[in-house]
Amino acid sequence: MDNMRFTLTHHILRHQSTHPGARGEFSALLVQIASACKVIGAQCRTAGLGSLMGNSGAVGHHGDEVKRLDKFANDAFAHHFDHTGLAAAIVSEEMEEPYLPAGESEKARYVVCYDPIDGSSNIEVDVTVGTIFSIQERADPSRAPRMEDLLRPGTHLLAAGYVLYGPATVFVLATGTGVDAYTQDPRTGDFLLTEHGMRIPGRGPVYSVNEANYRKWDAGPRRLVDALRQGGVGEMKTTRYIGSLVADFHRTLVKGGIFCYPGETGKPEGKIRILYEAAPLAFVAERAGGAASTGKGRILEVAPREVHQRTPIFIGGAEDVADAVRILGG
Ligand code: AHM
Ligand code: MG
């Protein structure tokens with residue numbers, strides 16, 4: 001077995017066997033997420049060959065154009081939970097209202113939040129995009145799901161992660177025990193363990209922010225980015241900005257540094273959504289020894305008032321983020 005790499009499914013089943021009371025639902029949920037992401041990844045790789053490139057013609061509830069691939073990925077992911085009894089409710093960036101899976105699911109133990117294709121404006125230029133997800137257990141699975149089951153702070157998450165559709169397809173999974181990465185073997189489709197116990201360096205060489213928004217920021221973010229430019233946050237940094245949060249975060253996880261999407265004057269909540277973007281990545285960051293802040297407090301402690309609520313985000317190495325929060329506060 002020495003030369004064999006663990007598959008994601010093998011890892012999930014091993015993890016389950018360490019919880020004697022486990023009934024396999026959490027494991028099955030993760031297996032379904034991985035399966036949905038294989039389907040989405042395959043469509044991303046071939047979108048330009050078929051009819052899934054470009055806009056669907058619809059305008060989403062956020063006011064942006066819905067890409068055909070966004071719609072495909074949203075439906076593929078959601079339908080992976082129909083008739084499984086695994087998820088009581090699903091929150092997606094692409095659906096205004098939570099989705100209640102078909103079949104006997106209203107007493108399922110878990111709630112899933114996801115962004116089917118984060119960074120979808122990058123699809124048409126063949127730049128990395130990804131699916132972000134989180135799983136939380138319901139406080140009371142004996143009754144039908146209510147909005148309050150969904151609007152809980154990220155401190156209740158059991159697991160979160162993302163799948164990157166880049167040069168390789170990589171599944172990053174954070175659970176209570178840590179953060180692992182699995183790379184898809186294109187020959188078999190399996191996700192094989194390639195990084196175990198990932199840790200974000202406390203300080204890193206990159207800062208990542210859309211600096212074209214400088215004119216829209218209040219004094220705090222301006223002060224922070226001025227400091228980042230001048231080497232005032234840890235070591236002197238260079239800048240990278242992909243425009244897919246999931247890809248910018250993955251670089252931050254692997255190499256260290258900080259990703260920022262501040263609020264703007266008149267739009268203090270910024271752009272990044274809490275339930276299916278900020279909180280899952282904050283969970284991954286914290287499990288990897290990093291930090292994620294709104295600028296005022298931990299992202300994971302924010303209880304959203306509505307499912308598509310946004311938050312400013314400063315995420316990355318623990319020391320770089322701590323410095324950033326201090327500079328933001330003046
Ligand atoms: P999306 O989920 O509709 O793709 O939007 C979120 C994306 C993030 O992936 C990325 O960090 C951000 O929007 C980029 O925004 P901007 O173009 O304003 O820099
Ligand atoms: Mg997104």
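Residue numbers start at 1 and run along the sequence shown. Remember, it's 1-based here, ligands and their atoms both numbered in the order they're listed. Computed from a predicted structure; not experimentally measured.
- Residue contacts with ligand 1 for Asp115 involve side-chain atoms from C-beta outward but no N, CA, C or O (heavy atoms, distance under 4.0 Å).
- Between atom 4 (O) of ligand 1 and the options Gly243, Gly119, Pro116, the minimum heavy-atom separation is to Gly119.
- Tyr114 has its ring centre no less than 6.0 Å from the ring centre of Tyr99.
- Backbone and side-chain nitrogen or oxygen atoms of Asn210 are examined, and one is located within less than 3.5 angstrom of a nitrogen or oxygen of ligand 1.
- Near Ser120, the atoms of ligand 1 lying under 4.0 angstrom from a non-hydrogen atom of the residue are 4 (O).
- Residue-ligand proximity, Tyr241 to ligand 1, at heavy-atom distances under 4.0 Å covers atoms 14 (C), 15 (O), 16 (P), 19 (O).
- Checked by distance only, ligand 1 and Asn213 stay at 3.5 Å or farther apart across all their nitrogen or oxygen atoms.
- Proximity of a side-chain donor or acceptor of Asn74 to a complementary backbone N or O of Glu94 within less than 3.5 Å is not detected.
- Panel note: side chain Thr294, backbone Gly297; a donor-acceptor pair is recorded below 3.5 Å.
- A salt bridge is defined here as a Lys NZ or Arg NE, NH1 or NH2 lying under 4.0 Å from an Asp or Glu carboxylate O, and Arg152 with Asp149 fails to meet this definition.
- Each of the following atoms of ligand 1 lies closer than 4.0 Å to a heavy atom of Arg273: 1 (P), 2 (O), 3 (O), 5 (O), 6 (C).
- Using modelled atom types, one side-chain atom of Arg5 and one backbone atom of Leu193 make a donor-acceptor pair closer than 3.5 Å.
- Backbone and side-chain nitrogen or oxygen atoms of Phe259 are examined, and none is located within less than 3.5 angstrom of a nitrogen or oxygen of ligand 1.
- For ligand 1, the polar-atom distance check against Glu93 finds a nitrogen or oxygen pair separated by under 3.5 Å.
- Interface of Ser244 with ligand 1, defined as ligand atoms under 4.0 Å from a residue heavy atom, comprises 9 (O).
- With hydrogens and angles ignored, the 3.5 Å screen pairs no side-chain donor or acceptor of His308 with any backbone N or O of Glu97.
- Close N/O approach between Ile272 and ligand 1 is not found [any backbone or side-chain N/O within under 3.5 Å].
- With Arg223 contributing its side chain and Asp218 its backbone, the two residues share no donor-acceptor pair below 3.5 Å.
- The distance from ligand 1 to the heavy atoms of Asp118 drops below 4.0 Å at these ligand atoms: 2 (O), 4 (O), 6 (C), 8 (C), 9 (O).
- Using a 4.0 Å cut-off to heavy atoms of Glu277, the atoms of ligand 1 that qualify are 2 (O), 6 (C).
- Ion pair Arg203/Asp323 flagged as a salt bridge, since at least one NZ, NE, NH1 or NH2 atom sits closer than 4.0 Å to an Asp/Glu carboxylate oxygen.
- Side-chain atoms of His80 do not come within 3.5 Å of backbone N or O of Ile33 as any donor-acceptor pair.
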